[in-house]
Asks: 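One structure is given below, represented as structure tokens, and several questions about it will come after.
Numbering of ligands and ligand atoms starts at 1, following listing order.
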Amino acid sequence: MQTVRYSVVVPVYNEEAVIEETCRRLTGVMEGVGEPYEIIFVNDGSRDATPRKAEALCRGDARLRLLSFARNFGHQAAITAGMEYAGGDAVIVIDADLQDPPEVIPAMIEQWKAGYRVVYGKRLKRKGESLFKKVTAKLFYRVLRAMTDVDIPVDTGDFRLLDRRVCEALRTLPERNRYVRGLVSWVGFSQTAVEYVREERFAGETKYPLRKMLTFAGDALTSFSYKPLRLSIYLGALLTAGCAVYLLVAAVLWLTGRPAPGWVLALPLLADGVILLALGVVGIYLGRLFDEAKQRPLYIVADTVGFDQAPVRAEK
Ligand code: UDP
Ligand code: MG
């Protein structure tokens, strides 16, 4: 069997309106690259004619492949599966709806050949999306960035090229709520951006209704940030300190025989503050447990020089 240099992974969920055109555009671009490639459609439990159309496409071209899920497992699961089945030295992930123009791929390949292991597409502009989507997306990427210590670039989606080694590193992360772009940032390696204008969806409707978008944002935030867990520590500390100071003032007033209004209120508030503080402490331990539960490796090795064998590991 001929080895492939590039694997293009396309998650498809009810994309009957676009799959043929996407295939045509992708094939055109990949032919132009002039090296062996494969295109892997990952059918994420579509209920329309997508699988039938994809199968027909695959029968007509040996470089096309179809991986069909038993049901809808979600976009991130589809991308993960595609990367695991990919045989290329570089894996390109692209949406099926042509919002990410395939014509950007050669520029990504160029950067990969220049030595970068991850080349992500950075959206300069989003065409044809609602104001609500644009504003919430902008806000989301910035909030996420502010809340996490992992360097997750803003305005980038899953449209990106990953070196084989990066895909292998991603396989060592067993966590279940996968926010793939965050994980790609987490593993590291040399990364660069290629800028592009995000087009309008070629046809069909978005497969990310508000409900899915919120789950997605929640997954991203909770798997890359502990700050929400620490929130109650800050609130608790503020409340406790505020009430303690006020009660001291009230005590002085009472001792000097002047009226001390409000202490009846400040006392239970102080207790609330202490409870919040205690919750925050629980949160910190929970964060540590969560870290252990995610079972991410301690480190990822990008390259070695001078070793002629894998490290000796203590047997468990
Ligand atoms: N998708 C998927 N499973 C889902 C939802 C979406 O595989 O449950 C795919 C979809 O077919 C498309 C990509 O993920 O290729 C991005 O979805 P979409 O374009 O609808 O999202 P938007 O661009 O509107 O955020
Ligand atoms: Mg889209």
Asks: Rounded to the nearest 0.5 Å, what separates atom CE in M108 from atom CG in L161?
Replies: 7.0 Å
Asks: For the pair R164 (side chain) and G88 (backbone), establish whether a donor and an acceptor sit closer than 3.5 Å, ignoring hydrogens and angles.
Replies: yes
Asks: Using 30° and 60° as the class boundaries, would you call the ring planes of F216 and F140 parallel, tilted or perpendicular?
Replies: tilted
Asks: Identify which protein N/O/S atoms are less than 2.8 Å from the Mg ion (ligand 2).
Replies: D97 OD2, Q99 OE1
Asks: Using side-chain contact (heavy atoms from CB on, under 4.5 Å), reason through V4 and R63 one step at a time and then give a plain yes or no.
Replies: CA-CA 9 Å; V4 292; R63 290 159 306 185; over 6 Å; no
Asks: As an exercise, state the distance from CD of E175 to CH2 of W186, rounded to the nearest 0.5 Å.
Replies: 8.5 Å
Asks: Could you please provide the protein residues found below 4.0 Å of ligand 1 on a heavy-atom basis, arranged by chain and number?
Replies: P11, V12, Y13, E15, D44, N72, G74, H75, D95, A96, D97, Q99, K133, R198, R201, T206, K207, Y208, K212
Asks: My understanding is that only residues two or more places apart in sequence, or in another chain, count here; which of them pass side chain to side chain contact (heavy atoms under 4.5 Å, CB included) with Y234?
Replies: R230
Asks: Who else is in L277's hydrophobic cluster (ILVMFWY, side-chain heavy atoms under 4.5 Å, direct or via others)?
Replies: none
Asks: Is there a donor in the side chain of Q76 and an acceptor in the side chain of D158, or the other way round, less than 3.5 Å apart?
Replies: yes
Asks: Under a plain distance cut-off of 3.5 Å, with no hydrogens placed, do Y6 and E35 share a side-chain donor-acceptor pair?
Replies: yes
